[in-house]
Amino acid sequence: MPNFRLKHKMKRLFAILMIACLLLPMAGIGEIAYGQDTGKKYVTVCIEKKTLGQGFLIEPTQVEIYEDDTAASVLVRLLEDEGYEYRCTGSVEGGDFYLQSIKDADDGTLDIPSFITENGGPSNDDNEGNDDDYLGEFDYSFMSGWMITVNNVMIPVGSAQWPVYDGDCIRWQFTLWGYGADLGCDTGWGDPSYYTEPNRGDLLTQIARVRADEGNFIETHAGLYQAVYDTALEIEATQEDLNEATHALVKAYEQYLDPATPTPKPSVGTVKELPYSIDDAVNKVSEFMLDTVTNPECGSIGGEWAVLELARSGKITEQFKKTYLDNLKTYVQEKNGVLHSVKLTEYSRVIIALSALGEDPTTFAGYNLVKPLANREKTVKQGINGAIYALIALDSGNYEIPVLEGSGTQTTRENLVQYILDKELSDGGWTLSGAVPDPDITMMAIQGLARYYTSNEKVKVAVDRGLDVISKQQRDDGGLASWGSVNSESVAQTICALCALNIDPATDARFIKEHGAWLLSSLFSFMVENDGTISFAHVGNDSNQMATEQAAYALVAYNRLLQKKTGLYDMSDVTKSENSSIASNEATIALPSNINNQVGTQFNISLRLGSIAEATALIDGILTYSSNLDVVSVTADDTILGGSLNWNAENGTLRFVYMDILNGNEIMSTQEGTQDFLHITFKIREKAPEGSNLYVSLASLRQMKDSETIVEYLDKETIHEITLNDINVSTTVLYQGDGTDWIPADKKAVKVVFTGLENKEHALGFQANGGYSMLYKSNDFTSYAGVTTYIMIVDSSVTDQQLSDSSNYSVYDSQSIETISFADTNEDNAIDAQDALNMVSLWLRKSTPEVTSKLILTYNVSGDAKIDSIDALSVVEYYIMGKPFAIRLK
């Protein structure tokens with residue numbers, strides 16, 4: 001621990017508070033008042049019985065929360081207020097509360113959803129019944145009981161251990177079959193979820209808000225309220241349905257609270273009529289494109305956007321396609337594959353066009369045109385446009401991002417999304433420069449983020465803000481202005497953004513003005529008719545090629561939405577050209593590089609697939625391995641859906657088949673790009689002869705459609721060797737958690753030093769008592785001790801003997817070792833003002849970030865089983881004094 005003298009503590013406390021005052025505004029943290037008394041705080045709580053067809057037991061209700069409240073204490077208070085008796089085990093105070101049943105919760109009527117019965121569950125006429133006046137575990141089926149989600153997430157601990165915060169939405173739901181699979185949750189205890197549960201939290205929260213009002217809103221808006229209420233209970237409601245219901249309720253309630261609020265915008269059916277149907281307009285503008293773009297080539301005008309419109313509308317001719325591809329091939333080869341050294345949107349635009357044509361941009365003209373996007377710094381060098389169109393391009397064909405070669409930061413979809421989010425203006429929306437949201441840039445950003453709208457809450461919030469801010473900019477005639485002028489391109493990009501979110505511009509009240517003026521009526525106000533064809537002006541009445549191309553693909557995007565086809569940039573429906581079809585794919589084996597040559601040593605390998613092709617019904621493969629190994633277990637990764645695994649291992653050969661025998665469903669993955677497919681645990685049955693190594697090899701692997709092979713995997717017959725060593729381990733327990741702050745009481749931190757381990761720059765793992773821990777290379781300890789030293793967090797149940805048993809450690813070639821420095825909270829290899837800010841903010845707020853082993857080790861700089869003022873003071877002390885920080889052991 002740093003050597004602070006008592007008389008210095010008040011001085012340092014003053015310093016820490018001064019840094020908080022000076023640095024927090026500079027860092028842009030506006031919520032420093034978190035935890036101060038700002039009035040009452042509420043959560044929304046409801047109790048649902050939709051799996052029985054009985055709706056809500058307790059409708060969405062605002063419950064006031066107090067300090068130290070948990071999900072369990074809030075539930076108990078609500079049940080008692082509503083007059084319900086309940087049975088439970090454990091107690092709220094003891095942290096082991098479990099809700100068994102609720103009295104008078106079952107009204108006896110059943111309308112069990114068909115998907116439960118179709119998955120082997122009870123039906124209205126065939127169930128185990130309820131033999132008392134309580135509803136809870138084991139009623140109607142042996143899998144039933146009460147489960148809880150908070151903010152649409154199944155909480156991973158007991159409800160009495162889950163703190164609640166202002167604005168949380170807490171749903172107690174009766175699961176009938178599949179241990180939550182019938183609630184759209186995959187808990188790992190039963191079946192995979194039977195459907196994808198959308199986020200109902202916003203709607204339930206608004207219903208609770210309205211119900212808490214003592215006025216007569218519900219009475220005076222009975223029709224609207226009932227429709228919204230029914231949508232909240234509808235199991236098959238889509239996210240769009242829920243969003244529309246939420247929007248309608250909020251608008252009506254705001255109007256009720258403040259009659260001066262403008263009347264809500266027109267609803268469905270009141271938009272202005274257009275001069276042509278959307279289908280006719282697409283035909284006419286496509287004909288104009290074919291007439292005017294006679295020599296399509298690489299370029300932002302007369303090039304890729306024209307290709308996109310014609311390809312996605314189905315109006316492209318073979319001659320147009322051939323001319324463009326020939327011109328592009330010549331251009332790429334003349335440029336030696338370097339389309340531009342700075343503007344990587346050149347690559348993104350070409351990737352989008354090739355994807356629309358079914359061509360493979362990773363092998364086009366002998367070059368991988370996706371490869372330059374692997375460098376994040378270069379991808380975003382031109383600003384937000386670079387990130388937006390890289391994301392659209394990569395997602396257009398679901399391309400795997402190549403591994404970055406040389407210096408720089410590896411591009412990931414996650415860091416592109418975060419880059420866009422970081423560029424959001426404080427009041428919502430995006431722009432190239434300045435502080436006023438620009439409709440073009442905002443709607444382009446939303447197009448890039450659309451794919452992540454339902455899966456990433458931060459994206460959803462930012463997108464919704466962007467839509468609202470541009471809605472307020474929209475003129476009464478339905479138009480939008482950018483750079484001081486009302487123009488067609490701003491409207492076209494807004495149409496594309498709404499369609500990317502699966503929102504019909506004709507029904508979204510935010511973008512419909514008085515007298516039915518809407519986005520499409522504005523777009524057609526720029527229409528120029530040309531002897532049976534149409535084009536569009538930028539401003540005024542003169543035809544403009546750039547404006548026409550953007551208007552054209554906006555019309556195509558809307559037409560595809562109306563026809564329920566995939567989105568403009570979602571090329572999953574495109575037929576691949578013969579020379580770019582899925583000919584082969586890569587399979588990789590991730591396995592330890594070093595293990596201990598000792599009988600009983602267990603180690604894991606993962607078999608990874610480059611992708612899973614559409615229409616795959618069967619994955620069939622054979623692994624061979626050293627004869628002195630036994631296969632302990634084989635499991636499919638939980639992201640692989642649509643089947644079950646069968647395997648057999650004997651005499652050094654593992655045969656595995658993954659398929660859905662009963663239903664013949666297609667196999668799919670919830671992840672993109674390369675991912676784990678199988679996890680295999682081996683055990684050394686006999687010690688290998690001295691000087692020999694173990695091996696694992698992929699003999700064959702195929703993806704099949706019925707009896708037809710559609711993908712043959714590479715990497716076959718490659719021998720993957722595992723070096724055998726006599727490894728010695730020495731360990732020291734650094735600290736034992738005591739439950740203070742957010743260091744779990746059942747965890748302890750351990751320092752680990754190896755001898756006999758040749759490679760110290762690959763990832764290491766520790767496995768014991770059914771748990772797995774990642775080891776981190778400690779810069780602080782390594783520097784202090786002069787020998788490569790690792791640290792990790794393990795369960796308290798792990799013994800010293802287990803820690804010193806080298807057979808419990810594995811070394812992996814598949815990823816590099818992660819390093820960690822105490823107090824380097826943002827991992828920028830420097831302990832500076834930002835780290836001081838992070839520590840001060842953490843301590844002052846008493847906040848609870850996502851608990852991970854790496855966070856605990858990083859923030860607990862004093863190694864004393866607490867993260868408190870001493871840790872904050874330690875970082876500030878060394879920052880102020882300009883000294884490098886290193887942990888000091890007692």
Option passing side chain to side chain contact (heavy atoms under 4.5 Å, CB included) with W430 (candidates L425, D438, D440, I446):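 The option that passes is I446.
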
Determine the sole option in V463, L416, L449 for which the side chain to side chain contact (heavy atoms under 4.5 Å, CB included) test with L421 is passed.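 It is L449; the other options fail the test.
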
Would you find a donor on one side and an acceptor on the other, under 3.5 Å apart, between the side chain of [X] and the backbone of [Y]?
| X | Y | value |
| --- | --- | --- |
| S522 | W518 | no |
| R312 | Y553 | no |
| T507 | I503 | no |
| N327 | P296 | yes |
| E309 | E549 | no |
| R560 | L568 | no |
| Q382 | T345 | yes |

N541, CG: over 12 other non-hydrogen atoms inside 6.0 angstrom: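 Open: at most 12 neighbouring heavy atoms sit under 6.0 Å from CG of N541.
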
Salt bridge (charged side-chain N to carboxylate O under 4.0 Å, His left out): pairs with one or both residues in [range], sequence neighbours excluded:
| range | result |
| --- | --- |
| residues 527-546 | none |
| residues 373-393 | none |
| residues 277-303 | none |
| residues 408-437 | D395-R413, R413-E672, E424-R465 |

Please determine, by modelled atom types, if [X] and [Y] share a side-chain donor-acceptor pair under 3.5 angstrom.
| X | Y | answer |
| --- | --- | --- |
| T362 | N368 | no |
| N530 | S535 | yes |
| Y324 | E304 | yes |

For Y569, ring pair (Phe, Tyr, Trp, His ring centres under 6.0 Å) partners two or more places apart: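 With sequence neighbours excluded, Y569 shows a ring pair (Phe, Tyr, Trp, His ring centres under 6.0 Å) to no residue whatsoever.
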
Taking ring pair (Phe, Tyr, Trp, His ring centres under 6.0 Å) as the definition, give me every residue that meets it alongside F217, ordered by chain and number, with sequence neighbours left out.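 By the ring pair (Phe, Tyr, Trp, His ring centres under 6.0 Å) rule, F217 matches H221, Y253, Y256.
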
If the condition is side-chain hydrogen bond (donor to acceptor under 3.5 Å, both in side chains), which residues does [X] pass it with, not counting sequence neighbours?
| X | result |
| --- | --- |
| T670 | none |
| S355 | S396, Y399 |
| S525 | none |
| T292 | none |

When rounded to the nearest 0.5 angstrom, what distance separates [atom1] in [X] from [atom2] in [Y]?
| X | Y | atom1 | atom2 | value |
| --- | --- | --- | --- | --- |
| L373 | I351 | CG | CD1 | 4.5 Å |
| D202 | D464 | CG | CG | 7.5 Å |
| L480 | T494 | CG | OG1 | 4.5 Å |
| I470 | T442 | CD1 | OG1 | 4.0 Å |

Restricting to side chain to side chain contact (heavy atoms under 4.5 Å, CB included), what partner residues turn up for T238, sequence neighbours left out?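 Here the qualifying residues are E240, D241.
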
Residue list, salt bridge (charged side-chain N to carboxylate O under 4.0 Å, His left out) with D230, at least two apart or on another chain: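 By the salt bridge (charged side-chain N to carboxylate O under 4.0 Å, His left out) rule, D230 matches no residue at all.
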
For a quick test of reading the model, state the closest non-hydrogen atom pair linking D573 to D570 and the distance between them.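 Closest pair (atom of D573, atom of D570, distance): OD1-O, 3.3 Å.
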
